Number of protein chains: 2
Amino acid sequence: MNIKQVAKKARVSTATVSRIINGSSAVRPKTAQRVRQAIRALNYYPNTHARTLVSGRSRILGLIISDISNPFFPELVKGFEDVALQNNYEVILTNTNYDSTRMASCVQRMLERKAEGVAIMTSEMNRQLIEELSRRGVPIVFLDVGSVRNRISNICVDYAQGIHEAVDHLCALGHRRIGFISGPLSLKSARTRRSSFLECLKQYDLAKEDTLIVEGNHKIDGGELAMYRLLQLKRAPTAVLTSNDLTAFGALRAIHHARLRVPEDISIVGFDDIELSQFTQPPLTTIRLPRTELGRIAFDALFRILRGDSQKGAAYRIETHLVVRSSTSAAYLLPGSQDLESAAVRRGS
Amino acid sequence: MNIKQVAKKARVSTATVSRIINGSSAVRPKTAQRVRQAIRALNYYPNTHARTLVSGRSRILGLIISDISNPFFPELVKGFEDVALQNNYEVILTNTNYDSTRMASCVQRMLERKAEGVAIMTSEMNRQLIEELSRRGVPIVFLDVGSVRNRISNICVDYAQGIHEAVDHLCALGHRRIGFISGPLSLKSARTRRSSFLECLKQYDLAKEDTLIVEGNHKIDGGELAMYRLLQLKRAPTAVLTSNDLTAFGALRAIHHARLRVPEDISIVGFDDIELSQFTQPPLTTIRLPRTELGRIAFDALFRILRGDSQKGAAYRIETHLVVRSSTSAAYLLPGSQDLESAAVRRGS
DNA sequence: CTAATGGATGTAATCGTTTACATGGCGAGC
DNA sequence: GCTCGCCATGTAAACGATTACATCCATTAG
């Protein structure tokens, strides 16, 4: 079951067997055939640990995410793993659970298993550990927070673009009061999304009232609560953007409970385009963030460095685009009658 | 950065350092302290590959699932990983994508990375590969399909129990015609769920008409289509059980489109209790399959064998229970008026 | 015909640990 | 005071590959 037995059976040295396995240098076709037969006959496959030990290359890549049960991540993971597998890399997947202590142990495990590169798709970072990785020469790719300066490759998601498209779309439908339900502001990604939205409001010269921006938690219940708060405003928004789709689901629920209608009374726009968004009632207009591609790019970023095709600290960009479904429509209320309760009454509900 | 340097710094032999790290035999407290200091000073951690190579134990466990973006799996994975981590095992996660060719490569990867045990939570099995694992002495735990005979530990999910509770619940509410939307019958788990249902009907002496049983695909669109078919029946069911929650989501959609109401016109029961089921409209009554626990038990089954506390081929059991939410209620229609269309008309919709 | 060249193969060191066995020193029992 | 035994530690052989270097043989050029 080891290379020696194969060598013996094929009447060659272990070096020759190794050469066949790795294609590292030429061997006579006749010898090669004999070796290959022996390998098949013994059902031999090399011991990766021995390989790693001597060659210094583990063919392992690390992927650190927040939480696999967050619907944002599975597709990203699949994208990453698919290409990694195609290139004969094994993936070690770890969850930080949004906890920077656990993040530390994630990185430590990468280090121990000798990952050749690490993709960190979450923002609980720990300077010390990152530097430890850098010092050991392990290439890193980050989501949104890398930079050339620290030699960490960065994948920059262009949130602004999708948000622009959404606001554009809503404006074209006649909306002027647009609300926003953010994620938990402790999260970097949530903050970025919110500030992109604020930026956008400015550009479109739209009302920017603090009351129209409410903090959620990137989960359904938080979206629901936040939406209730928006509905209680004297002058409620006629359209609401949300920081992720789960938040939008919650908003949908709140509006339904308030006996109002989407999109007739209020338009809702989600973010991420998780699979379930096609199946809400009504199907959700949302900003698509191509997560499979994100995973692919993360692998690519690492792979290029490993092959020497690219420097550490390269920058990549991912676009986001609006997907229009049925949760948005023309602003139904006239400027003078922005009272949602009366709308409900008018409809006789 | 290796054990020699630590040994040198602490003025002991590598064997002593190893003893400290593994606690394998007593060392003088004074020496121990010196070694520990050296370890900390050099920021040393052992090379797992070297360890595995010589000790033959990798501290790696394999977990094979179908598809991480199927909402059934994330919690299972988390349950498994959490306990594995607590016991210092690393987890290699692989997806078969419901494809038995890929299943083969999953197992191969486990073999190559020298997993000490493998949990196979999907049913695309490949006799040959399983035997290969067995031959190399790798303990295996399977979902539903293991057995003592082949020395494969088995976790048996008691689908019948939850289904009984559901049927019981529906009967108590006055339902007599209960439909079922199954998963794709190519899947073992879908077949098992369906046959549990059929079994149950018999016990309750309920109508068993083939037309009341429709095949879905364990996804939303399949559930929707299947529900349409049920709605078109002359004598449609007043309650429908589904093989998983996504299917139930689809059914909800279909009923909504048909301008009927859940639960007033039709009661719906899901299966699995994925997180989103709390948030549908109405919140879904469903049969809870405790997936985190499933993951935990899978680890436990392997761990016991590894510690020698248990034989290969042990059996474990997981219970399922009904969770009543709002998608079920008393059968609204009188026996003589089981015409859903007229129900809709009566309500004036 | 000899020497140089180069391609195919073998030899052996190496990677970083663990662990069986050897050694050394010290206390206890006689 | 000697021996026995035990505890703490060291020595060195594995584990299973890769790979630099050496060797061998055949071919070709001079």
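Treat the numbers as computed from the prediction; the structure is a model and nothing was measured. Labels below follow one simple rule: chain letters A, B, ... track the order of the sequence lines, proteins then strands, and each chain is numbered from 1. When reading the values below, keep in mind they use all heavy atoms of this one structure, side chains included, and skip hydrogens, waters and symmetry mates.
Applying the salt bridge (Lys or Arg N to Asp or Glu O under 4.0 Å) rule to pairs touching residues 119-138 of chain A yields A/E132-A/R135, A/E132-A/R136, sequence neighbours excluded. For residues 38-56 of chain A, no pair satisfies salt bridge (Lys or Arg N to Asp or Glu O under 4.0 Å), with sequence neighbours left out. The side chain to side chain donor-acceptor pair (under 3.5 Å) pairs that include a residue from residues 24-39 of chain A number zero, where partners must be two or more places apart or lie in different chains.
For DNA chain C, the span of nucleotides reached by chain B at under 4.0 Å from its heavy atoms goes, 5' to 3', from C/dG16 to C/dT19. Scanning DNA chain D 5' to 3' for nucleotides with an atom closer than 4.0 angstrom to a non-hydrogen atom of chain A gives a first and last hit of D/dG16 to D/dT19.
Under the 3.5 Å distance criterion, with hydrogens and angles disregarded, no donor-acceptor pair is assigned to the side chains of A/S58 and A/T52. Side-chain N/O atoms of A/N70 and A/S66 include no donor and acceptor closer than 3.5 Å.
With B/V77 as the fixed residue, the side chain to side chain contact (heavy atoms under 4.5 Å, CB included) test singles out one of B/D82, B/V91, B/I68, B/T292: B/I68.
Contact detail for A/G313 and A/S153: the closest heavy-atom pair is N-OG, 3.2 Å.
The line from CG of A/L76 to OG of B/S69 is 12.0 Å long, rounded to the nearest 0.5 Å.
The stretch residues 36-57 of chain B touches DNA chain D through B/L53, B/V54, each having a heavy atom under 4.0 angstrom from the strand. Of the residues in residues 18-35 of chain B, those lying under 4.0 Å from DNA chain D by heavy-atom distance are B/R19, B/A26, B/V27, B/R28, B/T31.
Here B/E319 pairs with B/R317 under the salt bridge (Lys or Arg N to Asp or Glu O under 4.0 Å) rule; sequence neighbours left out. For B/H218, there are no ring-ring contact (aromatic ring centres under 6.0 Å, His included) partners two or more places apart in sequence or in a different chain. A search for salt bridge (Lys or Arg N to Asp or Glu O under 4.0 Å) contacts involving A/D67 returns B/K78, not counting sequence neighbours.
Residue A/V17 is out of contact with every strand shown, counting any heavy-atom pair closer than 4.0 Å.
Using a 4.5 Å cut-off on side-chain heavy atoms (C-beta onward), B/D158 and B/I318 make no contact. With contacts defined as side-chain heavy-atom distances shorter than 4.5 Å, the pair A/I152/A/K312 does not qualify.
Salt bridge status for A/E90 with B/R109: present, with a side-chain N to carboxylate O gap under 4.0 Å.
Inter-axis angle, ends of the helix from C/dC1-D/dG30 to C/dC30-D/dG1, five pairs per end, rounded to 10 degrees: 50°.
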Show every donor-acceptor pair shorter than 3.5 Å between a side-chain atom in residues 294-305 of chain A and any protein atom, with sequence neighbours excluded, or say none if there are none.
none

